[in-house]
Amino acid sequence: MTNAHPPVTEATLAAFSLAWNQHDVEALMSFMADDCVFETAAGPEAFGTRHVGLEAVRHAFAAAWAAVPDAQWLHGQHVVQGDFGVSQWTFVGTAADGSRIESDGVDIFAFQNGKILSKKVFRKARPNLPAVLPANAAAKA
């Protein structure tokens, strides 16, 4: 009797991406290994900021939506080769100052026993775009 785990596939990464866009931290965590590692795109170290373990990663994932409440990862493309995977996407959202964020990026994954062991984020450094004024705001100006 073997203790085989279903492999991570492109469909798995697509479901993981959908959970990000639904802002569903519990669904996201169901994909993660107990000893998972999440490395953000920004931070003081060459790797960004590293979060280790389920609770630290859960907190870091939720912090992304706290910083950008309308965050979405669009146009996802996913590739899996054995215990390695990549997701390519365009990140969009609104910064706290009202400016718009739109930049391309990738996640690089390592898998173990059918779960995501590590997620490393790389995102293009692009200045935010000007805030979009509502149509009626221009008439009031």
Side-chain angles (χ1 to χ4, degrees), residues 1-138 140-141:
M1 180 184 264
T2 64
N3 192 12
H5 301 276
V8 174
T9 65
E10 286 87 358
T12 308
L13 293 183
F16 185 71
S17 181
L18 178 62
W20 272 103
N21 287 334
Q22 293 175 336
H23 297 202
D24 187 343
V25 75
E26 294 310 315
L28 286 175
M29 298 314 297
S30 73
F31 292 93
M32 305 302 293
D34 289 345
D35 53 346
C36 58
V37 176
F38 171 47
E39 292 180 356
T40 64
E45 303 295 334
F47 52 76
T49 300
R50 183 175 292 141
H51 305 274
V52 179
L54 286 172
E55 288 311 308
V57 170
R58 177 190 318 272
H59 180 74
F61 284 179
W65 303 310
V68 183
D70 62 347
Q72 294 288 290
W73 291 261
L74 306 177
H75 316 298
Q77 296 179 350
H78 315 286
V79 176
V80 172
Q81 181 65 43
D83 286 336
F84 174 81
V86 176
S87 291
Q88 180 178 333
W89 36 260
T90 299
F91 177 73
V92 298
T94 307
D97 66 0
S99 62
R100 295 287 304 153
I101 304 163
E102 183 177 331
S103 61
D104 291 341
V106 295
D107 291 333
I108 298 177
F109 297 98
F111 311 123
Q112 184 178 59
N113 298 326
K115 296 280 189 172
I116 297 170
L117 181 62
S118 70
K119 176 184 186 302
K120 297 179 180 186
V121 179
F122 297 87
R123 190 171 86 193
K124 295 287 186 178
R126 179 183 188 201
N128 289 355
L129 305 169
V132 177
L133 295 176
N136 62 358
K140 293 178 183 177

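All residue numbers refer to positions in the sequence shown, counting from 1.
- Note on ring orientation: taking the six-membered ring where Trp is involved, the planes of Phe38 and Phe61 are perpendicular (angle over 60°, cut-offs 30° and 60°).
- In plain terms, the two heavy atoms of Ala14 and His78 that are nearest each other are CA-NE2, 3.6 Å.
- Remark: Asp35 pairs with Ala33, Gln112, Leu117 by the side-chain contact (heavy atoms from CB on, under 4.5 Å) rule, at least two apart or across chains.
- Note on residues 118-131: pairs passing side chain to side chain donor-acceptor pair (under 3.5 Å), not counting sequence neighbours, are Ser99-Asn128, Ser103-Arg123, Asp107-Lys119.
- The closest side-chain heavy-atom distance from Trp89 to Gln72 is not below 4.5 Å.
- Put simply, the side chain of Glu102 reaches to within 4.5 Å of the side chain of Thr90, judged on heavy atoms.
- In this structure, CG on Asn21 lies 6.5 Å from CG on Leu74, to the nearest 0.5 angstrom.
- Here the closest non-hydrogen pair linking Phe122 and Ile108 is CE1-CD1, 3.7 Å.
- The side chain to side chain donor-acceptor pair (under 3.5 Å) contacts involving residues 8-19 comprise Thr9-Thr12, where partners must be two or more places apart or lie in separate chains.
- For Phe91, the ring-ring contact (aromatic ring centres under 6.0 Å, His included) test picks out Trp73, with sequence neighbours left out.
- The shortest side-chain heavy-atom distance between Phe109 and Val8 does not fall under the 4.5 Å cut-off.
- Applying the salt bridge (charged side-chain N to carboxylate O under 4.0 Å, His left out) test to every pair with at least one member in residues 73-91, sequence neighbours left out, gives no pairs at all.
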Report all side-chain donor-acceptor pairs from residues 42-58 shorter than 3.5 Å, counting only partners two or more places apart or in another chain.
| unit_1 | atom_1 | unit_2 | atom_2 | d |
| --- | --- | --- | --- | --- |
| Thr49 | OG1 | Ala42 | O | 3.3 |
| Arg50 | NE | Glu39 | OE2 | 2.7 |
| Arg50 | NH2 | Glu39 | OE2 | 2.8 |
| Glu55 | OE1 | Arg58 | NE | 3.4 |
| Glu55 | OE2 | Arg58 | NE | 3.4 |
| Glu55 | OE2 | Arg58 | NH2 | 3.4 |
| Arg58 | NH1 | Glu26 | OE1 | 2.9 |
| Arg58 | NH1 | Glu26 | OE2 | 2.7 |

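- For His59, there are no side-chain contact (heavy atoms from CB on, under 4.5 Å) partners two or more places apart in sequence or in a different chain.
- Looking at every heavy atom in both residues, Ala27 comes nearest to Ser30 through O-OG, 2.6 Å.
- For Asp70, the salt bridge (charged side-chain N to carboxylate O under 4.0 Å, His left out) partners at least two apart in sequence or on another chain are Arg100.
- Annotation for Ala19 and Trp65: closest pair O-CZ2, 4.4 Å, computed over non-hydrogen atoms.
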